[in-house]
Structures are given as structure tokens and as C-alpha cells.
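Notes to accompany the following structure.
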Amino acid sequence: MHSPTPLRLASATLTATLLTRTLLGAPPEPSFRIQDIDTEVQIGYGIAIADVDGDGKPDILLADQHTIQWYQNPTWKKHVISENLTERDNVCIAARDLDGDGKAEIAIGAQWNPGETSDPEKSGGVFYLIPPADRTQRWDAVKLHHEPTVHRMHWVQDPAGKWDLIVKPLHGRGNRNNAGEGSRVFAYRMPANPRDPWTTSLVSDFTHASHNFHPIQWNPAQGHEILTAAKEGIFRFTRADSGPWKKTQLSDSWTGEVRDGRLPGGKRFLGTIEPMHGDTVASYTPSENPDAPWRRNVLDASLKDGHAVVIADFLGIGSDQIAAGWRAMNPKGSPGVRLFTPLDSEGTAWRTTELSGDAVAIEDMKAADLNADGKPDLVLAGRQTHNLRILWNEGGKPQ
């Protein structure tokens with residue numbers, strides 16, 4: 001009898017490994033197909049996913065350096081709808097259908113000037129865009145109140161079902177070296193005529209170097225809540241009715257990015273990049289004592305200039321994974337994206353998978369099911385690499 005060849009031995013080993021994974025219920029490996037839809041991006045500051053033209057398909061929106069554009073699903077044809085709105089760069093975008101007509105309302109942040117924290121004429125800008133009948137043409141911009149260093153924004157629904165635009169500056173007025181007054185985060189309420197003055201209410205005014213925040217809905221009866229990442233740590237903001245926001249501190253680690261998800265078995269967790277523009281990916285799970293800080297678990301401490309986190313069930317296994325991206329601009333290095341998959345119900349064991357190498361220097365990243373196959377895809381915007389890329393999810397099971 002002939003001895004098995006090395007190829008047959010390797011095949012048998014792989015089969016045994018796959019069988020063991022199946023028997024133990026280990027999650028499958030991800031599988032993504034690459035498509036670049038724009039290779040002439042300037043910076044790619046902010047991505048949003050929403051149906052712009054009302055055809056029932058989610059489109060990709062991008063706040064680029066001097067332009068605001070959307071890419072029409074499924075051809076991904078690029079439509080520039082605003083250009084050179086301010087002297088300095090655009091920096092963020094929020095897009096969502098607010099009135100139920102199937103077409104997204106859009107707001108943007110601009111005049112990005114993080115070194116000027118005092119003068120709102122030289123730093124920051126908030127605009128609401130009013131569409132023409134043909135949404136592929138230029139939109140009109142309504143200028144709203146703003147603080148210096150406007151940096152991130154989201155449409156957020158209150159407990160009564162009404163929508164606010166929440167805008168967060170990176171720094172407080174007059175800040176130097178991430179110190180001084182806290183950053184004033186405002187909720188903007190749109191009037192019946194969006195060209196009329198918008199009312200504002202204060203959400204918070206105490207954080208510093210607050211890079212990102214994220215709407216959550218842990219209690220559906222109370223509308224959206226907010227997770228905020230800042231120098232002071234991670235905070236959860238809640239409100240009853242349309243009253244003032246209450247804060248709960250979940251961590252005191254300086255955090256740049258934060259998102260939420262579910263572990264195998266259903267326990268809630270957070271995924272972060274720490275500190276701002278940091279090197280560390282961490283997960284957090286609730287402590288037994290509801291008043292105690294959440295438990296921190298370091299998953300990776302080798303990122304260079306971490307800049308985006310997305311949490312979704314890319315594998316179709318009924319629990320979520322963390323996608324973390326970095327741009328390697330400062331410190332210099334190789335950018336990339338990694339997927340972190342929890343392997344137990346407590347979030348103590350994780351698997352790391354490389355999704356992208358230095359082809360995309362991640363400035364922003366979003367997840368959405370772009371082709372209605374029931375699986376979330378990844379959209380990546382690259383800064384030094386000047387590209388907008390879709391990672392089509394071809395693995396896992398439809399959700």
C-alpha cells in the first residue's frame with residue numbers, strides 16, 4: 001500500500017480541522033470580494049449609507065475634501081451635489097430618511113480647522129442640504145449655528161419619534177493640548193421650513209478630544225441613546241421624553257471610536273479604538289455591578305493611527321464581530337482592516353482575521369447590506385490611498 005502524499009495529508013488535516021470547527025460550533029472565516037468604486041478620492045473624511053433617490057436601494061454618500069457626493073446603487077455612478085462650500089475641508093456627513101418619503105435628508109460638517117478652537121468664523125460649519133427635483137444635481141445649503149472644530153454628526157430620534165441632528169465638535173472653545181472648556185454638543189431641531197432658524201439644545205459640555213459618537217437603541221421605547229468616546233472615557237447618554245440628557249460613565253479609558261454589539265449568547269459588548277487615533281482595539285462587557293465600570297479586554301495593540309470601528313454580524317452567526325481600520329498616517333506604517341470575532345459568550349476569547357492590507361488607508365468605514373442578500377457589506381474610504389472601496393460579503397449566512 002502506498003503512503004499518503006503530503007498533499008493528501010494536508011487535505012486530510014484541513015478536513016479534520018473543518019470538521020472539528022463544525023462540531024465545536026466555531027465561527028466560519030469571513031469572505032469578501034473587492035470592488036473599487038472611486039480611485040480619485042481626495043481624503044474621504046466621512047461615509048454615510050442611505051437611499052438618496054428613493055429607488056429602495058441604499059446609496060453611498062461621501063464627504064470628501066471639497067465635495068459632497070453620492071454613488072448611485074447599483075452602478076455606483078458618482079453625483080457631486082455640493083462643492084467648495086467653505087474655504088476649508090468638509091469633515092462629516094449625516095444622511096437619513098426623516099419624513100418617510102423614502103429619500104434621505106442630508107446634513108454636513110465643514111470648515112475643518114482643528115487648530116483653531118476659539119473663532120467660529122475660522123473653524124467649523126454646519127449645513128443642511130436642500131435637494132432639487134433632480135437629486136443628482138447641486139443641492140442648496142442652509143447654514144446653521146456651529147461651534148469651532150465641528151467633527152461628527154448623526155440624525156437621532158427622540159422618544160416622541162421626532163428627529164434631531166446632533167453635532168459634536170472635537171474640542172471645546174479655546175482648548176489647547178486637549179484641555180480647557182468642554183466640547184459643547186448640540187441637538188438641532190428642524191423647523192417646518194428648513195430655511196427658517198433651527199432651535200438647539202445642549203446635549204453635553206464636558207468632554208475633551210472627543211473623536212466620535214454613536215447612536216444606539218438599547219431601550220426602543222426611549223428612542224435613540226448615544227455612546228460618546230472622549231479623553232474622559234466612554235459615556236452613555238439617555239433622555240426621557242424630550243428632556244435633558246443624562247450621562248452614565250462606562251469607562252475612564254481615553255477612547256477614540258466606540259460601537260456596540262452582541263456576543264454569542266446575547267450579552268451586550270462595546271468595541272473601541274483607544275486612545276484617539278490610537279493603537280489599541282478593546283472590547284468592553286458589563287460588570288455584575290451596574291454602577292461599576294465595564295470590564296475591558298485588549299484585543300490588539302498594534303494598530304497605527306486607528307480611525308474607524310464597525311460592528312455587525314458579517315458571518316451570519318447570530319452574534320457580532322468588530323471591524324477595526326487604521327490609516328497609518330501618524331505614526332507612519334502600513335494601514336489595514338482587521339476583523340475580531342468573539343469565540344465565547346463572555347467576550348474573553350477572540351479570533352483576529354486580516355481583511356485589508358495597505359491598499360486602503362482607512363479614514364472612515366461603514367457597514368450596510370448594499371445588494372439585499374441579507375449580509376452586511378463593508379464600505380471603506382482611504383485617505384493616502386485616495387479610494388472608495390466596497391468589500392462585498394460573500395461568506396456567512398443571510399440574516
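What's counted below: heavy atoms across the whole structure, side chains too, no hydrogens, waters or symmetry copies.
Remark: the Gln42 side chain and the His386 side chain contain no N/O donor-acceptor pair separated by less than 3.5 Å. Between the side chains of His277 and His211, at least one donor-acceptor pair of N or O atoms lies under 3.5 Å. Looking at His214 and Asp260, their side chains do bring a donor and an acceptor atom within 3.5 Å of each other. There is a side-chain donor-acceptor pair under 3.5 Å between Arg338 and Ser302. Asn90 and Tyr45 share no donor-acceptor pair across their side chains, judged by distance under 3.5 Å alone. Donor-acceptor pairing under 3.5 Å is lacking for the side chains of Glu257 and His307. Side-chain atoms of Thr200 and Arg189 include no donor-acceptor pair closer than 3.5 Å. In summary, the side chains of Thr285 and Glu346 do not present any donor paired with an acceptor at a separation below 3.5 Å, with no hydrogens or angles considered. Inspection of the His79 and Gln72 side chains reveals an N or O donor paired with an N or O acceptor under 3.5 Å.
Here the closest non-hydrogen pair linking Leu129 and Ile68 is CD1-CG2, 4.4 Å. Scanning both residues, Glu274 and Ser253, for their nearest heavy atoms gives OE1-CB, 4.0 Å. For the residue pair Leu355 and Pro30, the shortest heavy atom distance occurs at CD2-CG, 3.9 Å. Among all heavy-atom pairs drawn from Ile317 and Pro28, the shortest one is CG2-CD, 3.7 Å. Between Val203 and Phe186 the shortest heavy-atom distance is CG2-C, 4.1 Å. A pairwise comparison of heavy atoms in Ala367 and Leu378 identifies CB-CD2, 4.4 Å as the closest pair.
The NE2 atom of His154 sits 10.0 Å away from atom CG of Leu165, with the distance rounded to the nearest 0.5 Å. In this structure, CG in Leu227 is found 8.0 Å from CD in Glu225, a value given to the nearest 0.5 Å. Here the CD1-CG distance, from Ile43 to Leu62, works out to 10.5 Å after rounding to the nearest 0.5 Å. Atoms CG and OG1, on Leu343 and Thr348 in that order, are 8.5 Å from each other to the nearest 0.5 Å. For the atom pair CD of Glu147 and NE2 of His145, the computed distance is 4.5 Å after rounding to the nearest 0.5 Å. Separating the OG atom in Ser210 from the NZ atom in Lys168 is a distance of 3.5 Å, to the nearest 0.5 Å.
Taking the side chain as every heavy atom from C-beta outward, Ile106 and Trp139 approach each other to under 4.5 Å. The side-chain heavy atoms of Phe127 and Val142, taken from C-beta on, include no pair separated by under 4.5 Å. Annotation: side chain of Val156 is not in contact with side chain of Asp158 (no heavy-atom distance under 4.5 Å). Using a 4.5 Å cut-off on side-chain heavy atoms (C-beta onward), Leu98 and Trp155 make contact. A heavy-atom distance below 4.5 Å is found between the side chains of Arg351 and Glu29.
Gln321 places a side-chain N or O within 3.5 Å of a backbone atom of Phe314 that can act as its donor or acceptor partner. Of the possible donor and acceptor atoms, none in the side chain of Asp369 sits under 3.5 Å from a partner among the backbone N and O of Pro376. A donor-acceptor pair is defined here as one N or O able to donate and one able to accept, closer than 3.5 Å; no such pair exists between the side chain of Asn175 and the backbone of Asn178. The main-chain N or O of Pro191 is never found under 3.5 Å from a side-chain atom of Asp196 such that the two would form a donor-acceptor pair. Listed for the Thr255 side chain is no donor-acceptor partner under 3.5 Å among the backbone atoms of Ala229. Between the side chain of Trp218 and the backbone N or O of Arg268, no donor-acceptor pair lies under 3.5 Å. A donor-acceptor distance shorter than 3.5 angstrom exists from the side chain of Asp119 to the backbone of Glu121, with no hydrogens or angles considered. At least one donor-acceptor pair closer than 3.5 Å links the side chain of Ser183 to the backbone N or O of Pro169.
Qualifying side chain to side chain contact (heavy atoms under 4.5 Å, CB included) partners for Ser287, counting only residues two or more places apart in sequence or in other chains: Ala292, Arg295. For Pro286, the side chain to side chain contact (heavy atoms under 4.5 Å, CB included) criterion is met by Lys267, Trp294, not counting sequence neighbours.
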- Audit row: Asp51, Lys57, salt bridge (Lys or Arg N to Asp or Glu O under 4.0 Å) steps and yes/no: CA-CA 6 Å; Asp51 186 355; Lys57 299 181 180 71; over 6 Å; no

- Check against side chain to side chain contact (heavy atoms under 4.5 Å, CB included), Gln69 and Leu61: CA-CA 6 Å; Gln69 58 240 25; Leu61 301 96; over 6 Å; no

- Audit row: Met329, Gln384, side chain to side chain contact (heavy atoms under 4.5 Å, CB included) steps and yes/no: CA-CA 8 Å; Met329 189 169 73; Gln384 302 95 286; 3.5 Å; yes

- Task: Show your reasoning for whether side chain to side chain contact (heavy atoms under 4.5 Å, CB included) applies to Thr149 and Asn113.
- Result: CA-CA 6 Å; Thr149 72; Asn113 188 9; over 6 Å; no

- Task: Might you work through the salt bridge (Lys or Arg N to Asp or Glu O under 4.0 Å) test for Asp377 and Lys375, ending with a clear yes or no?
- Result: CA-CA 6 Å; Asp377 308 296; Lys375 297 183 286 187; over 6 Å; no

- Message: Between Asp305 and Arg327, is the salt bridge (Lys or Arg N to Asp or Glu O under 4.0 Å) condition met? List the steps.
- Response: CA-CA 6 Å; Asp305 199 8; Arg327 59 185 186 177; 2.7 Å; yes

- Should Asp164 and Arg239 be marked as a salt bridge (Lys or Arg N to Asp or Glu O under 4.0 Å) after you check the CA-CA gap, both sets of side-chain angles, and the distance that decides it? CA-CA 13 Å; Asp164 291 321; Arg239 59 179 169 177; 3.2 Å; yes

- Task: Take Leu370 and Val379 through the side chain to side chain contact (heavy atoms under 4.5 Å, CB included) test and state the conclusion after the steps.
- Result: CA-CA 10 Å; Leu370 298 175; Val379 183; 3.9 Å; yes

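Electrostatic pairing of Asp140 and Arg195 counts as a salt bridge here, judged by a charged N lying under 4.0 Å from a carboxylate O. Ion pairing between Glu181 and Arg173 fails under the 4.0 Å rule for side-chain N and carboxylate O. We find that Asp205 and Arg184 are not joined by a salt bridge, their nearest charged nitrogen and carboxylate oxygen being 4.0 Å or further apart. Electrostatic pairing of Arg262 and Asp320 does not count as a salt bridge here, judged by no charged N lying under 4.0 Å from a carboxylate O.
Using cut-offs of 30° and 60° for the angle between ring planes, the Phe206 and Phe237 rings count as tilted. Aromatic ring pairs are classed by plane angle as parallel below 30°, tilted from 30° to 60° and perpendicular above 60°; the pair Trp76 and Trp392 is tilted. Relative ring orientation between Tyr128 and Trp198 is described as tilted, the plane-to-plane angle lying within the 30° to 60° band.
For Glu40, the CD atom is loosely surrounded, since the number of other residues' heavy atoms within 6.0 Å does not exceed 12. In Asn177, the CG atom is not crowded: 12 or fewer heavy atoms of neighbouring residues, nucleotides or ligands sit closer than 6.0 Å.
Through direct or relayed side-chain contacts under 4.5 Å between Ile, Leu, Val, Met, Phe, Trp and Tyr, Leu303 connects to Leu263, Phe269, Ile273, Val281, Leu299, Val309, Ile311, Ile322, Trp326, Phe340, Trp350.
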